[in-house]
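Here the structure is a predicted model, which means the values were calculated and not measured.
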Amino acid sequence: MGKVLGDVLGLAAGVAVSPLPIIAVILILATPRGRSNGLLFTVGWILGLSALGAVMLAVASPAGASSHNHPATWVGALKLALGLFLVVFGARMWHRRPKDPSEARLPKWMGAIDRLTPVKVFGLGLALAALNAKNAPLTIAAGAAIGSAGLPVGQQIASLAVFVVVASLGLLAPLGVYLLGGERAKTTLGNWKDWAAQHNVAIMAVLFFVLGLKLLGDGISVLTS
């Protein structure tokens, strides 16, 4: 289990450092129902990661993801494909990033966050976790890594839980600041939002590229061993 955690913690950290979900939760916390909607958004995020990881575990175990405690060939091919996708996407984002960070623009849907119903806030958290172009491949890769380790079911669930907790730290941090920071929380969160908005594309591009290279290396290692 220790080796599996070593494999998935880096992927979890990559999910945690997701500027757009962090900006989204900060904007949600600034709305009149910030406390309840912020909690709903975070619960949706956690459930999205958990559901996607659980689906991957359910697929991996019966599909023979592990052969004599060694990842099956298809697991290596999956990691190779996911790594290639992230590297290409990261390079594309870096090429298209704003040359001046002050010119960065947030997605238009963020302007409607203050008008979202609680159900839509929950759904937004779910979607940003499970359908995001970076988070979904990393969560799938983590599920494959856990499923291919030949662990008992209990240890697989525990490993996935550790992944989800670490991957959620990026959202839990602003939520904790909001709940515990008092009046200074608004200024702190506002500064975080502004910085993340300016550097969102560059951060995402670098993360895509670095994590993609890691998955490429993992895939090649599985296929050649």
Side-chain angles (χ1 to χ4, degrees), residues 5 8-53 97-98 100-136 138-139 142 160-208 210-211:
L5 291 178
V8 303
L9 283 179
L11 300 174
V15 175
V17 186
S18 298
L20 282 184
I22 293 173
I23 295 171
V25 75
I26 292 174
L27 291 174
I28 289 170
L29 291 172
T31 63
R33 292 181 294 188
R35 182 184 296 268
S36 58
N37 281 349
L39 290 171
L40 276 175
F41 180 84
T42 304
V43 170
W45 168 276
I46 291 173
L47 288 179
L49 292 179
S50 301
L52 186 57
R97 77 191 189 285
D100 183 353
S102 64
E103 297 177 358
R105 295 289 181 269
L106 292 174
K108 292 182 179 179
W109 57 264
M110 284 193 169
I113 277 183
D114 59 339
R115 298 190 296 275
L116 295 181
T117 65
V119 172
K120 290 182 178 179
V121 168
F122 175 82
L124 179 62
L126 200 71
L128 287 177
L131 303 179
N132 182 276
K134 173 175 68 68
N135 298 338
L138 294 181
T139 304
L160 179 60
V162 171
F163 169 83
V164 171
V165 169
V166 174
S168 302
L169 292 179
L171 295 189
L172 294 175
L175 184 61
V177 169
Y178 176 83
L179 295 176
L180 304 174
E183 289 299 320
R184 299 175 62 182
K186 293 182 179 180
T187 301
T188 301
L189 293 178
N191 291 336
W192 288 6
K193 177 184 72 67
D194 293 341
W195 187 89
Q198 288 185 3
H199 301 284
N200 166 55
V201 176
I203 293 171
M204 292 291 288
V206 172
L207 284 174
F208 270 117
V210 172
L211 294 170

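- Proximity of Lys186 to Leu29: side-chain heavy atoms (C-beta onward) are nowhere separated by under 4.5 Å.
- A side-chain contact (heavy atoms from CB on, under 4.5 Å) with Leu189 holds for exactly one of Ile26, Leu27, Leu175, Ile23; it is Ile26.
- Applying the side-chain hydrogen bond (donor to acceptor under 3.5 Å, both in side chains) criterion to Ser168, with sequence neighbours excluded, gives Trp45.
- Applying the side chain to side chain donor-acceptor pair (under 3.5 Å) definition to pairs two or more places apart or across chains, none involves residues 29-44.
- Judged as a side chain to side chain contact (heavy atoms under 4.5 Å, CB included), and not counting sequence neighbours, the contacts of Thr117 are Val119, Lys120.
- For Asn135, the side-chain hydrogen bond (donor to acceptor under 3.5 Å, both in side chains) partners are Ser18, not counting sequence neighbours.
- Smallest separation of non-hydrogen atoms from Ala136 and Ala130: CB-O, 3.4 Å.
- Shown here for Phe41 and Pro21, the closest heavy-atom pair between the two residues is CE2-O, 3.8 Å.
- With hydrogens and angles disregarded, no donor-acceptor distance shorter than 3.5 Å links the side chain of Lys134 to the backbone of Ala205.
- Of all heavy-atom pairs spanning Ala185 and Val177, the tightest one is CB-O, 3.4 Å.
- Scanning all heavy atoms of the two residues, the minimum distance from Gly10 to Leu211 falls at O-CD2, 4.0 Å.
- The nearest pair of heavy atoms linking Ala167 to Leu49 is CB-CD1, 3.7 Å.
- Partner Leu138 forms a side-chain contact (heavy atoms from CB on, under 4.5 Å) with one of Val15, Leu52, Asn132 and no other, that one being Val15.
- In this structure, the side chain to side chain contact (heavy atoms under 4.5 Å, CB included) partners of Val206, at least two apart in sequence or on a different chain, are Trp94, Val210.
- Remark: Phe163 engages no residue in a ring pair (Phe, Tyr, Trp, His ring centres under 6.0 Å) (not counting sequence neighbours).
- At least one side-chain heavy atom of Thr188 sits less than 4.5 Å from a side-chain heavy atom of Trp192.
- Nearest heavy atoms, Leu171 versus Val25: CD2-CG1, 3.9 Å.
- Looking at heavy atoms from C-beta onward, Leu40 lies out of side-chain contact with Ile28 at the 4.5 angstrom threshold.
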